J.: 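Sharing a structure here in structure tokens format.
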Protein chains: 2
Amino acid sequence: MAGLRERQKAKRHRAIIQAASTLFKQNGYEAARIEAIAEVAEVSVGTFYNYFEHKADLLLAIVTMEVEEVLNQGEGVVAAPPGDAYEAICALVATYYDHSLVYLTKEMWRTAMAFSIQSPDTPFSRRYRELDHQLSEQVVALMTRLQQGGQLRAGVDTRAFGELTFLGLNGLFTTYTVTEGMALEELKAGMFRQVRALTAQIGTPDAA
Amino acid sequence: MAGLRERQKAKRHRAIIQAASTLFKQNGYEAARIEAIAEVAEVSVGTFYNYFEHKADLLLAIVTMEVEEVLNQGEGVVAAPPGDAYEAICALVATYYDHSLVYLTKEMWRTAMAFSIQSPDTPFSRRYRELDHQLSEQVVALMTRLQQGGQLRAGVDTRAFGELTFLGLNGLFTTYTVTEGMALEELKAGMFRQVRALTAQIGTPDAA
DNA sequence: GAAAAAAGTTGAACCGGTTCAGTTTTGCAG
DNA sequence: CTGCAAAACTGAACCGGTTCAACTTTTTTC
């Protein structure tokens, strides 16, 4: 009894996301009209809204995929942090940043960020913030791990520093998406500088 | 030759902002339709768009007023930082936060933030980021001042730490505006904790 | 001070995301 | 199978921000 209805639903869901992804890459998010997405997905406009609450919800599906992959990769860094504190934190940051444009363009990131700020009471926003929270927790986890490994001073409040570091990397990422001309390398360099300053103060004086 | 045209223009500009402010406070930003704002300002919809490029531009006028006042107050803190590094930085943060809801509601802040992220190529966004930049520079200035006064260690990169602190206070402020139930005191407490952790590491071991 | 140019005003129309009343399809009970 | 209730689909209409061609008012020119 595989459920015809279920199968149809899953199929259409996939078709819509597929159509949207294609059109987003092709002409950008703004330029992709719901009507066009529905047409490519062979579905009516009304049906589209049966599957997604807002146009922006299409982004959520993509952002979720993106962040989950990055969290997975990040696990590796936390489990076995390379080098000293500076190296390790930069490695995690680079993991996040390097992956950021695989599924999403700057415009798509901007739209997702803007929506999650503008409409905090939507499932979209809640989920988006949940993902942010998980990333933040991963940075905290790394710092705690580094402290256990003796690469960060004993007295350091790793939660506070981890959260601050996340807010920093998040803020710089926003600047990056907002500045169309800014290259990924500039973003990384900017963040590495922050990490350098930080680890110079809270890292143990050790092998550089 | 006072210029009738000039006078009319200024008068209408004021009338529109006035009308918008009233309606925003009354029913919120979203709920205030352009048509209604225009009507209260005794102007046509078309004329509204002669004075403002987007609905959001109304917010820019208000945000600018808000931030400029806060920058002024901040100057006082930077000129004569009270107490130790922790006290001083918290004083500046509190200056920013305490003033934040004088002219704007959380909804209005959210809309302004979202717009500046979503449409980075508009004058709105450029101006908004400029204001952010000035705030960031003020935090850097305070840190540099504290270092000169011997309240921060000599080796500390005050620019990096100042910018990181700004990104932190900015990020927490976003969380605050996005969480309708969050009180100002919670926001301040959250930021003070970050500052505590920071100054514990980069401050000089001195009179507490 | 008449006429032309420039600047400003107007509201109906546009646009695209979202809604909803009516229709079709599916699953299930008898 | 048949009939019926529930679920899903549909596209025309809605809504509100934005545009624009026609119109008015002010300023400038001679």
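Order of the sequence lines fixes the chain letters, A, B, ..., with proteins taken first and strands second; residue numbering starts at 1 for each chain. Just so it is clear, the structure is predicted and the values come from calculations on it, not from any experiment. The analysis underlying the following values was restricted to heavy atoms, covering all of them including side chains, and did not include hydrogens, waters or symmetry mates.
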J.: Check the side chains of A:Ser44 and A:Thr47 for a donor-acceptor pair under 3.5 angstrom, ignoring hydrogens and angles.
T.: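 Per modelled atom types, A:Thr47 and A:Ser44 side chains form a pair under 3.5 Å.
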J.: Check the distance between D:dT10's C1' and A:Glu39's CD and give it to me in whole angstrom.
T.: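 Rounded to whole Å, this separation is 14 Å.
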J.: Figure out the CZ/C1' separation between B:Phe52 and C:dG8, and round it to whole Å.
T.: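 Going from CZ in B:Phe52 over to C1' in C:dG8 covers 16 Å.
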J.: Check the distance between C:dG8's C1' and B:Arg7's CZ and give it to me in whole angstrom.
T.: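 Spelled out: CZ on B:Arg7 to C1' on C:dG8 is 16 Å.
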J.: Do the side-chain N or O atoms of A:His54 get closer than 4.0 angstrom to the phosphate oxygens (OP1, OP2) of C:dG17?
T.: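 Result: no.
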J.: Is it true that B:Glu163 and B:Arg159 have a side-chain N and a carboxylate O under 4.0 angstrom from each other?
T.: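 Yes, B:Glu163 and B:Arg159 are salt-bridged.
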J.: Can a salt bridge be assigned to the pair A:Arg196 and B:Asp157 using a cut-off of 4.0 Å between side-chain N and carboxylate O?
T.: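 No.
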J.: Given D:dA8, is OP1 or OP2 found less than 4.0 Å from the side-chain N or O atoms of A:Arg12?
T.: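 For A:Arg12, the contact criterion (side-chain N or O under 4.0 Å from OP1 or OP2 of D:dA8) is not met.
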J.: So, using ring-ring contact (aromatic ring centres under 6.0 Å, His included) as the criterion, who are the partners of B:Tyr49 when residues are at least two apart?
T.: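 Per chain and number, B:Tyr49 pairs via ring-ring contact (aromatic ring centres under 6.0 Å, His included) with no residue.
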J.: I need the CD1-C1' distance between A:Ile16 and D:dA8, as an integer number of Å.
T.: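 Going from CD1 in A:Ile16 over to C1' in D:dA8 covers 12 Å.
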J.: Rounded to whole Å, please give me the gap between CG in B:Leu58 and P in D:dT18.
T.: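 Going from CG in B:Leu58 over to P in D:dT18 covers 10 Å.
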J.: In whole angstrom, what separates A:Gln8's CD from D:dT10's P?
T.: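 Checked: the CD to P distance equals 10 Å.
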J.: Side-chain N or O of B:Tyr49 versus OP1/OP2 of D:dT18: is the shortest distance under 4.0 Å?
T.: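 The answer is yes; a side-chain N or O of B:Tyr49 sits under 4.0 Å from OP1 or OP2.
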J.: Check B:Phe192 against B:Ala94 and note the closest heavy-atom contact, atom names and distance.
T.: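 Answer, listing the atom of B:Phe192 first, then B:Ala94: CZ-CB, 4.4 Å.
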J.: Looking at B:Thr177 and B:Arg110, what are the two nearest heavy atoms and their distance?
T.: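 Smallest interatomic distance, heavy atoms only, reads O-NE, 2.9 Å.
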J.: With sugar-phosphate meaning primed atoms plus P, OP1 and OP2, does B:Phe48 contact a base, only sugar-phosphate, or nothing at under 4.0 Å between heavy atoms?
T.: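 If one applies the 4.0 Å heavy-atom cut-off, B:Phe48 turns out to touch nothing in the nucleic acid.
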J.: In whole angstroms, how far is the C1' atom of C:dT25 from the CD atom of A:Glu6?
T.: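 The distance from CD of A:Glu6 to C1' of C:dT25 comes to 15 Å, rounded to the nearest Å.
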J.: How would you label the contact of B:Tyr51 with the nucleic acid (heavy atoms, under 4.0 Å): base, sugar-phosphate, or nothing?
T.: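 The residue B:Tyr51 makes sugar-phosphate contact but no base contact.
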J.: Checking contacts here: which listed nucleotide (C:dT18, D:dC9, C:dG8) is nearest the side-chain heavy atoms of B:Asn50?
T.: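 So the side chain of B:Asn50 is nearest to C:dG8.
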J.: So which protein nitrogen or oxygen atoms get under 3.5 Å of nucleotides 11-16 of chain C's nitrogens or oxygens?
T.:
from: C:dG11; atom 1: N7; to: B:Gly46; atom 2: N; distance (Å): 3.4

J.: Taking B:Arg145 first and then B:Glu75, would you say they form a salt bridge - that is, a charged N and a carboxylate O separated by under 4.0 Å?
T.: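 So B:Arg145 does not pair with B:Glu75 through a salt bridge.
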J.: Just the rounded figure in Å: distance from P of C:dG17 to CD1 of A:Ile37.
T.: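 Result: 8 Å.
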